[in-house]
Amino acid sequence: MATLQEALLIAFDLQREGRFAEADSVYGQILDAVPGHPPALHLRGLLLAQCGRLEEGCTLVGQAVAGDGSQPDMHTNHASLLEALGRFGAAAEALASAAVLDPERVALLNNFAVRRLAAGDPASAEQALRAAVVLRPGLADPRINRAEALDALGRAEEALAQRRIAALLAPDDAALLGALALRPDAGEAALRRALWLDPARAVLWNRLGARRKDLGALPAARHAYERGLALDPADAALWNNRANVLKGQGDPDGARDVLRRAAALQPDSAPIRNNLSDAHALCGDPEAALAEAEAALARDPVLADARLARASGLLALGRFAEGWDAWESRWSAEPWCRTAGRFPQPPWTGRPLGGGRLLVWGEQGVGDELMFATLLPLLTQSSMNETQSSTAASAGFLLECDARLAPLFARALPGVEVVPRGPQPDPRLSAPDIAAQIPSGSLPRLLLRAEEDFRRLRPILSVDPVRVPPLRRTGRRPLVGIAWHTTNPKWGRLRNVPPADLARALHAAGADMVVLQYGDWAAEVAALAAEGIAIALPPGLDRKDDLDGLAAQIAATDLVVTIDNATAHLAGALGHPVWLLLSHAPDWRWLVGRDDSPWYPSARLFRQGTAGDWRGPLDAVTDRLRALFP
């Protein structure tokens, strides 16, 4: 008679030969003789699983493990059957038990987790990998995979910790270091090491370019993007980002060409279409900018920047009714989204307020506040046409404004309560009799629906006569106030005129000059004086913060010649003669192809014919000045 061990070997050989019925009979005889015999339960369970009876087989293998838990193979096979039955948590536990008995089987835990991650089950994967990390804390792979599972579970900080430990364990793992380098919080050193290990990854060059661009290192950013494009010339994101650098370097035409290529590679990308719209605007083509903005919105109707670009294009083209309606979408874009909902009162729609007062609050910069303030007198006029007569009911209103403008507005609007904007909301702005509120940039939607509506605008500011300095021209030489610089980060490169070029042009026309530009320009003025070009730089005037004093200085001149900055708006709002030097791609408010401004009747516009070339407009200013003051 065969021994128990011999009987097991006979049954196992029959099983391997595919003689399953005979093998099962022998296993049955063994279990009849020795009930609960773990090896027989284990092998018979595997046999039943081979025959498609997974549930029964798994039960038997589980009984075998319960009878003798010292055999790692039993735990491993039990895990396989549990996984096949979809009991993934139990399978992970079984594999962990096997790995406790045989640490080399941590690889099985890792492989199981990889399968579960691929199947979209990060919870089971993380359970298995947690056990693997405990059992073999010095292995990098389980930590890397656990980080992926934790990310999928929304546990980003734990994932980052696992990746950082893995990076210490595997300092030459290019994929791991690349993943860490692509995190938003990664430093340039991490990117550089990742690129040293894997210089052929275009995505890493893209990220390095983005970091350098954020730091203002545009040539270095451009180099990084171009390295990435050499590796992957079909990457639309790299072309898009390279275009942003070109815009920052003052090459909008180059940026536009690059963005056309990006759009061809990825025609359904709303952000690329929006970026192309911006490039068209920077190239002075508002019609093309409008078309691309609408193309972006066709792909993503809620893209805030594209909605703002569409509004700007419509306004630049003089399509005021559509433009002002579209302008209301600005509150979802930067920087307007930061001030949206500042006040709790309902927005004013132009209807009578029933005896309550209206709060008008300034938005954007000083220049914008001045420009939109030209509409304020219309709120108190009684001679308004029928469609706008409801505004006459709002004769009592408050105006919240930049504190630097408060003295000017208080003098210009004696019936209006002017509230300077401070770091904390003024209690007057929440008075119970305030029935509605409106940002000043929304007034045109109610009052300027067509170009003829602009004809009602008049200069609203006046100066303090006590402050007008005694700087009047003597003889026939005109006194010209000059400003040439804006700190606007996007538009400054296009708008700013070299002060020496401006001063030489006006000097050639026989003008005396006085500086209206804020900032410290003493060195530039001294250098021009050495050339024999005298420019007055009045002491004691803060041209940035004392706007009432700056207005008085403007009034003392015969003419202001300036770029598009706050000085232009201040002179225009005073009704003072002001000549604007405009870049080839001016802001929407100056419209297209005009030498006058509907906002400021006293303004004349001198436009660049070619991007970057100020010679043309400066020559035109010189010729006109000579004609006015021969």
> Could you check if a side-chain atom of L516 sits within less than 4.5 angstrom of a side-chain atom of Q553, using non-hydrogen atoms only?
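Side-chain contact under 4.5 Å: yes.
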
> Calculate, to the nearest 0.5 Å, the distance between atoms CG and CZ belonging to D548 and R404 respectively.
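The CG atom of D548 sits 13.0 Å away from the CZ atom of R404.
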
> So does D300 pair up with R273, basic N to acidic O under 4.0 Å?
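So D300 does not pair with R273 through a salt bridge.
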
> Parallel, tilted or perpendicular: which describes the rings of F320 and F454, with under 30° parallel and over 60° perpendicular?
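It falls in the tilted class, 30° to 60°.
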
> A side-chain contact here means heavy atoms from C-beta on lying under 4.5 Å apart; do R455 and E452 qualify?
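Yes. Closest side-chain heavy atoms under 4.5 Å.
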
> Going by atom types only, do E328 and S442 share a side-chain donor-acceptor pair under 3.5 Å?
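Distance-only check passes for E328 and S442.
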
> Would a line drawn from the ring center of W324 to the ring center of W588 be shorter than 6.0 Å?
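They qualify: ring centres under 6.0 Å apart.
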
> Is any side-chain heavy atom of F409 closer than 4.5 Å to a side-chain heavy atom of L370?
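Side-chain contact under 4.5 Å: yes.
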
> Would E369 and R421 count as a salt bridge (Lys or Arg N to Asp or Glu O under 4.0 Å) here? Give the steps.
CA-CA 12 Å; E369 288 201 51; R421 187 180 306 119; 3.2 Å; yes

> Backbone N or O of L398 within a donor-acceptor pair of the R357 side chain at under 3.5 Å?
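Not confirmed, R357 side chain does not pair with L398 backbone.
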
> Using a strict threshold of under 4.0 Å (side-chain N to carboxylate O), is an ion pair present between D595 and R624?
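Salt bridge between R624 and D595, a charged N being under 4.0 Å from a carboxylate O: no.
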
> Can you tell whether the side chains of D325 and R449 come within less than 4.0 Å, N to carboxylate O?
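Salt bridge flag = yes for R449 with D325.
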
> Between the main-chain N or O of A450 and the side-chain N or O of D453, is there a donor-acceptor pair closer than 3.5 Å?
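Yes; judged by distance alone, with no hydrogens or angles, the pair exists.
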
> If we only count heavy atoms from C-beta on, is the L218 to R222 side-chain gap below 4.5 Å?
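Sidechains of R222 and L218: no contact.
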
> Kindly indicate whether the side chain of M513, heavy atoms from C-beta on, has any atom under 4.5 Å from the side chain of L502.
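No, side chains not in contact.
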
> In this structure, are over 12 heavy atoms from other groups packed under 6.0 Å from E226 atom CD?
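Result for CD/E226: enclosed.
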
> Show, in sequence, the C-alpha distance, side-chain angles and deciding distance for L375 and L457, and conclude whether the side chain to side chain contact (heavy atoms under 4.5 Å, CB included) test is met.
CA-CA 7 Å; L375 292 162; L457 301 183; 3.6 Å; yes

> Does any N or O in the side chain of S440 come within less than 3.5 Å of the main-chain N or O of A373, such that one atom is a donor and the other an acceptor?
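The answer is no, because no donor-acceptor pair under 3.5 Å joins these two groups.
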
> How about W521 and W484: do any of their side-chain heavy atoms sit closer than 4.5 Å?
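Yes - at least one pair of side-chain heavy atoms lies under 4.5 Å apart.
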
> Between R543 (side chain only) and Q517 (backbone N and O only), is there a donor and an acceptor less than 3.5 Å apart?
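The answer is yes, because a donor-acceptor pair under 3.5 Å joins these two groups.
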
> Tell me whether R458 contacts the main-chain N or O of G575 through its side chain, where contact means a donor paired with an acceptor under 3.5 Å.
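The answer is no, because no donor-acceptor pair under 3.5 Å joins these two groups.
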
> Are the side chain of H576 and the backbone of V560 linked by a donor-acceptor contact shorter than 3.5 Å?
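Side chain of H576 to backbone of V560: no pair is present.
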
> To the nearest 0.5 Å, what is the distance between CD1 on I554 and CG on L550?
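Separation between the atoms: 4.5 Å.
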
> For the pair Q437 and W361, evaluate side chain to side chain contact (heavy atoms under 4.5 Å, CB included) and give the outcome as yes or no after the intermediate values.
CA-CA 8 Å; Q437 55 82 23; W361 49 281; 2.8 Å; yes

> Once rounded to the nearest 0.5 Å, what's the spacing between atom CG of L443 and atom CG of L358?
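Here the rounded value is 7.5 Å.
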
> Can you see whether S312 engages R330 through a side-chain donor-acceptor pair at a distance of less than 3.5 angstrom?
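Result is no, nothing qualifies.
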
> Parallel, tilted or perpendicular: which one describes the rings of F606 and W579, with boundaries at 30° and 60°?
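The arrangement is tilted - the two ring planes meet at 30° to 60°.
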
> Look at the aromatic rings of Y600 and W590 and report parallel, tilted or perpendicular, splitting at 30° and 60°.
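Ring orientation of Y600 relative to W590: tilted.
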
> To the closest 0.5 Å, what do you measure between CZ (R477) and CG (D512)?
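Result: 4.5 Å between the selected atoms.
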
> So, W336 side chain and T339 main chain: donor-acceptor pair closer than 3.5 Å or not?
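Not confirmed, W336 side chain does not pair with T339 backbone.
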
> Looking only at heavy atoms, what is the nearest atom pair of R212 and A220, with distance?
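Closest approach of R212 to A220: NH1-O, 3.3 Å.
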
> Looking at D613 and R615, is there a salt bridge between them, counting it only when a charged N and a carboxylate O are closer than 4.0 Å?
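A salt bridge is absent here (no side-chain N lies under 4.0 Å from a carboxylate O).
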
> So does R211 pair up with D214, basic N to acidic O under 4.0 Å?
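No salt bridge links R211 with D214.
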
> Is the side chain of R604 donor-acceptor paired with the backbone N or O of P601 at a distance under 3.5 Å, no angle test?
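Flag set: sc R604 to bb P601 pair under 3.5 Å.
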
> How far apart are the C-alpha atoms of L379 and W348, what are their side-chain angles, what is the distance that settles it, and do they pass the side chain to side chain contact (heavy atoms under 4.5 Å, CB included) test?
CA-CA 12 Å; L379 299 182; W348 187 49; 4.0 Å; yes

> Could you check if a side-chain atom of L591 sits within less than 4.5 angstrom of a side-chain atom of W599, using non-hydrogen atoms only?
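L591 does not reach W599 side chain to side chain.
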
> Strictly distance-based, threshold 3.5 Å: is any side-chain N or O of R307 a donor or acceptor partner for the main-chain N or O of S332?
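Looks like no, no N/O pair under 3.5 Å.
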
> Do the side chains of D542 and K544 get close enough for a salt bridge, i.e. N-O under 4.0 angstrom?
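No salt bridge links D542 with K544.
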
> Heavy-atom distance under 4.5 Å between the side chains of T374 and L376, does that happen here?
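A side-chain contact under 4.5 Å is absent here.
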
> Nearest 0.5 Å, please: how far is CG in L408 from CG in D464?
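D464 CG to L408 CG: 9.5 Å, rounded to 0.5 Å.
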
> For a side chain to side chain contact (heavy atoms under 4.5 Å, CB included) with Y225, tell me which candidate from V258, V245, L246 qualifies.
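Of the listed options, the one satisfying the test is V245.
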
> Hey, could you give me the CG/CG distance between L547 and L405, rounded to the nearest 0.5 Å?
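Those atoms lie 5.5 Å apart.
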
> Would you find a donor on one side and an acceptor on the other, under 3.5 Å apart, between the side chain of Q345 and the backbone of L429?
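A pair under 3.5 Å: yes.
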
> Test side chain to side chain contact (heavy atoms under 4.5 Å, CB included) on T567 and V578; report intermediate values, then the result.
CA-CA 9 Å; T567 301; V578 55; over 6 Å; no

> Before accepting this row, confirm whether a basic side-chain N of the pair D564/R589 lies closer than 4.0 Å to the acidic partner's carboxylate O.
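Judged by the 4.0 Å cut-off on N to carboxylate O distance, D564 and R589 do not form a salt bridge.
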
> Is E292 salt-bridged to R256, cutoff N-O under 4.0 Å?
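No, E292 and R256 are not salt-bridged.
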
